[in-house]
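Counting starts at 1 for both ligands and their atoms, following the listed order. The figures here come from the full heavy-atom set of this structure, side chains too, leaving out hydrogens, waters and symmetry mates.
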Amino acid sequence: MIQLLVIGSGGREHALAWKLSQSPRVHRIYVAPGNAGTALEPKLQNVPFSEIAELIEFAQKEHIAITIVGPEVPLAAGIVDAFQAANLKIFGPTQQAARLETSKIFAKEFMLRHNIPTASYQSFNDPVLAHQYIEQKSAPLVIKADGLAAGKGVVVALTNEQAHTAVNTILVEKHLGGAGNEIVIEEFLEGIEVSFIVMTDGKHILPLATSQDHKRLCDNNLGPNTGGMGAYSPTPFVSPDLHAKIIRDIIHPVISGLHAEGINYCGFLYAGLIITPNDQAKVLEFNCRMGDPETQPIMLRLKSDLFQLIEHAIHGTLNKATIDWDRRTALGIVMAAHGYPENPRKNDAITGLSELMQEQANNHDFHIFHSGTHVGEDEHSLLTSGGRVLCVTALGENIKHAQQNAYKLMENIHFPGSQARNDIGAQGIEYQKHTNNLRAESQ
Ligand code: AMP
Ligand code: GLY
């Protein structure tokens, strides 16, 4: 009897656990701590653990075959090292390998060492030198705290004044605590952002489908930065040519560079890329995990057995794995709580969801993935419990159809103060229109 453990409580973990539950070889998946979505899904069961020691004890007691780590925080805390020391199988990078995400300075120096295209930069711990650098380079500039800062560590400064303020809040006033002991100041890159995620066993690479996230809270990419307000897959911004270039110039050098430095990386690796106007891909950031909400549309399109892929990764045989995708587009819209991202309100009642959750058991063309939700004390009601609440994800023949299907589903779901963007996928739809027109003109 194969039992798995998924660590985390967001939409990403709901989507991963849901996909793993479709493997005929897997009997049960525990999610620690999970949410209302994972509590209600067949084959899934929530367990209320978050400390590494209690997760190890649980995995040993339940003979967990493989543990899969969703978020970066446990990876940064060394959960993989601790599980491996206890002889438990776990999918995710070690603490040292996770530095690609947990230290921006490590990531930038690594990219410089291995000739991986990224924005030019300098790192600072002295505010005086940082202020001088701003005057020398001039805005626009991007100021990044070195450490993990839950999405609050990056300031895109359009004026020198904004850049000086960012240096003061991070480096002098320490608004982000120790995460801001050092900063990176980098060149502002113009272009389109895409998410390029692969699985790796440390030697071999298996690219997942491409996707595009929508980081800002409001339509037309305005408003504050968030964890991500929606995503779709695949994205037309990564052409087959560019895909090959990204593998050759970015992904391969990362994996071989890590290997050469004696760092073994097994897990998902997420490269946040910017595609410049002359079709060059440059790295904005690495994450040592899947993206949220990118995982939701990607998992809805995945036709292969995710458990089998992860087994291959753990055994170092990802070169023997093949991966199949639904040829359609999947698009997910995030519904966020009132006050997100600064101060999300909790315990708003969600209505209209139960009917859809029943319907999706027999209809695989959509799925409502939960993030910040919990089941009320009456054991029937669904309540909000965090910033991003749901990700309404649907398939369609192209981005436009997937978009229409997802927005139509979302009309059924309500909670007070809910926030969602109205333009998820719009940039991709425009681009597709433009490239179709160019093709028509050349024929
Ligand atoms: P990060 O957490 O590094 O992905 O940064 C958060 C967001 O800031 C990214 O999604 C981009 O929109 C923006 N960003 C980061 N670095 C740059 C850069 N060098 N040029 C332009 N925008 C950037
Ligand atoms: N969606 C962006 C991230 O997961 O970091």
Asks: So, are K245 and D279 salt-bridged, with charged N and O less than 4.0 Å apart?
Replies: no
Asks: Could you tell me whether K408 and E411 have a side-chain N and a carboxylate O separated by less than 4.0 Å?
Replies: no
Asks: Given a heavy-atom cut-off of 4.0 Å, could you list the residues near ligand 2 in chain and number order?
Replies: D213, K215, G227, Y270, N287, R289, G291, D292, P293, E294
Asks: For Y431, check ring-ring contact (aromatic ring centres under 6.0 Å, His included) against everything at least two apart and list the hits.
Replies: F237
Asks: Looking at D326 and R328, does any basic side-chain N land under 4.0 Å from a carboxylate oxygen?
Replies: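 Yes.
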Asks: When you measure from the side chain of H214 to the backbone N and O of G425, does any donor-acceptor pair fall under 3.5 Å?
Replies: yes
Asks: Should you measure from each heavy atom of E186, which atoms of ligand 1 turn up under 4.0 Å away?
Replies: 16 (N), 17 (C), 18 (C), 19 (N)
Asks: Ignoring hydrogens and geometry, is there a side-chain-to-backbone donor-acceptor pair from E54 to S50 under 3.5 Å?
Replies: yes
Asks: Mind checking whether F188 has an N or O less than 3.5 Å away from an N or O of ligand 1?
Replies: no
Asks: Report the nearest protein non-hydrogen atom to atom 21 (C) of ligand 1: residue, atom name, distance rounded to 0.1 Å.
Replies: L189 O, 3.3 Å
Asks: Can you sort out which atoms of ligand 1 are near N225, meaning under 4.0 Å from one of its heavy atoms?
Replies: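 Matching atoms, with element in brackets: 6 (C), 7 (C).
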Asks: Starting from atom 13 (C) of ligand 1, locate the nearest protein heavy atom and write down its residue, its atom name and how far away it is, to 0.1 Å.
Replies: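 Here the nearest protein heavy atom works out to V156 CG2, 3.9 Å.
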Asks: Who pairs with H204 by ring-ring contact (aromatic ring centres under 6.0 Å, His included), at least two apart in sequence or on another chain?
Replies: none
Asks: For ligand 1, which atoms, with element, lie under 4.0 Å from some heavy atom of K215?
Replies: 4 (O), 10 (O)
Asks: Any idea which atoms of ligand 1 are less than 4.0 Å away from a heavy-atom of E193?
Replies: 9 (C), 10 (O), 11 (C), 12 (O)
Asks: Would you say N405's side chain and A394's backbone share a donor-acceptor pair under 3.5 angstrom?
Replies: no
Asks: Within the side chain of S123, is there an N or O that forms a donor-acceptor pair under 3.5 Å with the backbone of V184?
Replies: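 No; judged by distance alone, with no hydrogens or angles, the pair does not exist.
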Asks: Would you kindly specify which portion of V154 sits under 4.0 Å from ligand 1, judged on non-hydrogen atoms: side chain, backbone, both or neither?
Replies: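 Only the side chain of V154 comes within reach of ligand 1.
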Asks: What do you reckon, does E285 have a nitrogen or oxygen under 3.5 Å from a nitrogen or oxygen of ligand 1?
Replies: yes
Asks: If you count the atoms of ligand 1 from 1 in the order shown, which ones are under 4.0 Å from a heavy atom of K144?
Replies: 3 (O), 15 (C), 16 (N)
Asks: Examine the proximity of ligand 1 to E190 and report which part, side chain or backbone, both or neither, has a heavy atom under 4.0 Å away.
Replies: neither
Asks: Are K104 and ligand 1 in contact, using a heavy-atom cut-off of under 4.0 Å?
Replies: yes
Asks: Mind listing the side-chain donor-acceptor pairs of residues 110-119 below 3.5 Å, one per line with the distance, residues two or more places apart or on another chain?
Replies:
residue	atom	partner	partner atom	Å
R113	NE	E261	OE2	2.8
R113	NH2	E261	OE1	3.1
R113	NH2	E261	OE2	3.3
H114	NE2	E261	OE2	2.5
T118	OG1	K108	NZ	2.9
T118	OG1	V283	O	2.7

Asks: What I want to find out is whether E109 reaches K104 closely enough, with some N-O distance under 4.0 Å, to be called a salt bridge.
Replies: no
Asks: For a salt bridge (charged side-chain N to carboxylate O under 4.0 Å, His left out) check, start with the C-alpha distance between E285 and K215, then their side-chain angles and the critical distance, and finish with the verdict.
Replies: CA-CA 14 Å; E285 60 161 349; K215 289 240 166 90; 3.6 Å; yes
Asks: Give the atom numbers and elements of ligand 1 that come within less than 4.0 Å of a heavy atom of L284.
Replies: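 Under 4.0 Å from L284, ligand 1 has these atoms: 3 (O), 11 (C), 16 (N), 17 (C), 18 (C), 19 (N), 23 (C).
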